[in-house]
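Down below is the structure, laid out as structure tokens.
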Amino acid sequence: MASFHPNLHSVTSSQQSNHKKRRKLAHHASLASAPSPWTSQTEHRIYATNLLHALRRNSPSAASDVRAAADRALAATAKGRTRWSRAILANPFGRWKGRHHMKARKSRAGLMKKRTPEIRRTAPPLQKKARSLGRLIPGCRRVSFPKLLEEAGDYISALEMQVRAMTALADLLAGGPSPPAPLRLS
């Protein structure tokens, strides 16, 4: 009769997958707890000087020129660490939004056959929302959902910093009160 000797080196697949899940969750928790670089005072100063240099260099005449200069300065401050900053810096004309014009379908005077109505499959609501979020963030149209959320969080915090810097600059140019200390939104 064979004796029962458990093999200490064999690990079941469920134990291995649980270990991977725990490691993955710990990795995501460490990413979530990491402070955003956009809330630091040094990043705020770097962006403000980049924005000021860009505005002086280009002397924008329209609001769209100011916005393009501000976005390019923000992307330069990010130093290409994110997809959205690389998408903005990659296009020299500032047209990173990806406007697509759909061509109207013309029927050639009855040459097209009438088809039976097709059943349209609709995407789940979360997938629709993720797709529209991907359209809002430059360079994030075709990325995985976790990466999209990571990029969105970074882009939102960068835009918050941009708003704070541009508000301070507008107050300074208007001769209003001195800009307040940077707000901590986190």
Side-chain angles (χ1 to χ4, degrees), residues 25 27-102 123 125-186:
L25 289 174
H27 175 68
H28 287 303
S30 69
L31 287 176
S33 65
S36 174
W38 301 107
T39 56
S40 72
Q41 190 68 23
T42 56
E43 286 291 328
H44 186 73
R45 273 195 216 110
I46 291 170
Y47 171 69
T49 55
N50 284 349
L51 176 62
L52 199 56
H53 289 303
L55 291 175
R56 284 180 181 161
R57 187 174 45 241
N58 295 337
S59 64
S61 58
S64 60
D65 296 339
V66 173
R67 182 177 177 198
D71 286 344
R72 290 189 66 75
L74 187 66
T77 306
K79 299 175 187 160
R81 291 179 298 224
T82 56
R83 291 180 68 94
W84 62 264
S85 63
R86 289 191 298 268
I88 291 172
L89 292 173
N91 195 329
F93 302 112
R95 295 188 186 119
W96 52 85
K97 292 294 183 184
R99 292 176 175 88
H100 296 286
H101 299 287
M102 297 187 65
L126 182 64
Q127 189 176 5
K128 287 181 185 177
K129 291 175 184 175
R131 192 176 303 138
S132 63
L133 178 63
R135 286 189 206 114
L136 292 174
I137 302 168
C140 290
R141 283 184 177 262
R142 293 186 180 116
V143 294
S144 65
F145 189 67
K147 185 68 177 168
L148 176 65
L149 293 179
E150 183 181 331
E151 291 282 330
D154 188 63
Y155 189 55
I156 289 170
S157 60
L159 288 176
E160 287 173 345
M161 188 203 57
Q162 184 182 45
V163 167
R164 286 193 306 266
M166 291 184 82
T167 303
L169 184 63
D171 288 343
L172 186 67
L173 292 175
S178 63
L183 299 174
R184 292 239 149 192
L185 298 175
S186 298

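FYI, the numbering just counts along the sequence from 1.
- Rounded to the nearest 0.5 Å, atoms CZ (R72) and CG (L51) are 13.5 Å apart.
- Once rounded to the nearest 0.5 Å, the distance linking CZ of R141 with CG of L133 reads 12.0 Å.
- Of all heavy-atom pairs spanning R86 and G80, the tightest one is NH1-O, 2.9 Å.
- No side-chain heavy atom of T82 sits under 4.5 Å from any side-chain heavy atom of E150.
- Looking only at side-chain heavy atoms (C-beta outward), R135 and S132 come within less than 4.5 Å of each other.
- At a threshold of 4.5 Å between non-hydrogen side-chain atoms, the residues V66 and M166 count as touching.
- Minimum interatomic distance between I137 and E151 (heavy atoms only, all atoms of both residues): CD1-C, 4.5 Å.
- At distances below 3.5 Å, at least one donor-acceptor pair connects side-chain atoms of R81 with backbone N or O atoms of A78.
- The two residues Y155 and L136 make their nearest non-hydrogen contact at CE2-O, 4.1 Å.
- In this structure, M161 and L74 have side chains that are in contact, with non-hydrogen atoms separated by less than 4.5 Å.
- Taking each heavy atom of G134 and L148 in turn, the nearest pair found is CA-CD1, 3.7 Å.
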Take W84 and D154, measure what side-chain contact (heavy atoms from CB on, under 4.5 Å) needs, and give me the verdict at the end. CA-CA 9 Å; W84 62 264; D154 188 63; 3.1 Å; yes
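- Nearest heavy atom pair, residue W38 against residue R164, reads O-NH2, 3.5 Å.
- Here the closest heavy-atom approach between residue G139 and residue R83 is recorded as O-NE, 3.1 Å.
- Looking at L169 and L55, their side chains come closer than 4.5 Å, going by heavy atoms from C-beta outward.
- Rounded to the nearest 0.5 Å, atoms CG (D71) and CG (L89) are 10.5 Å apart.
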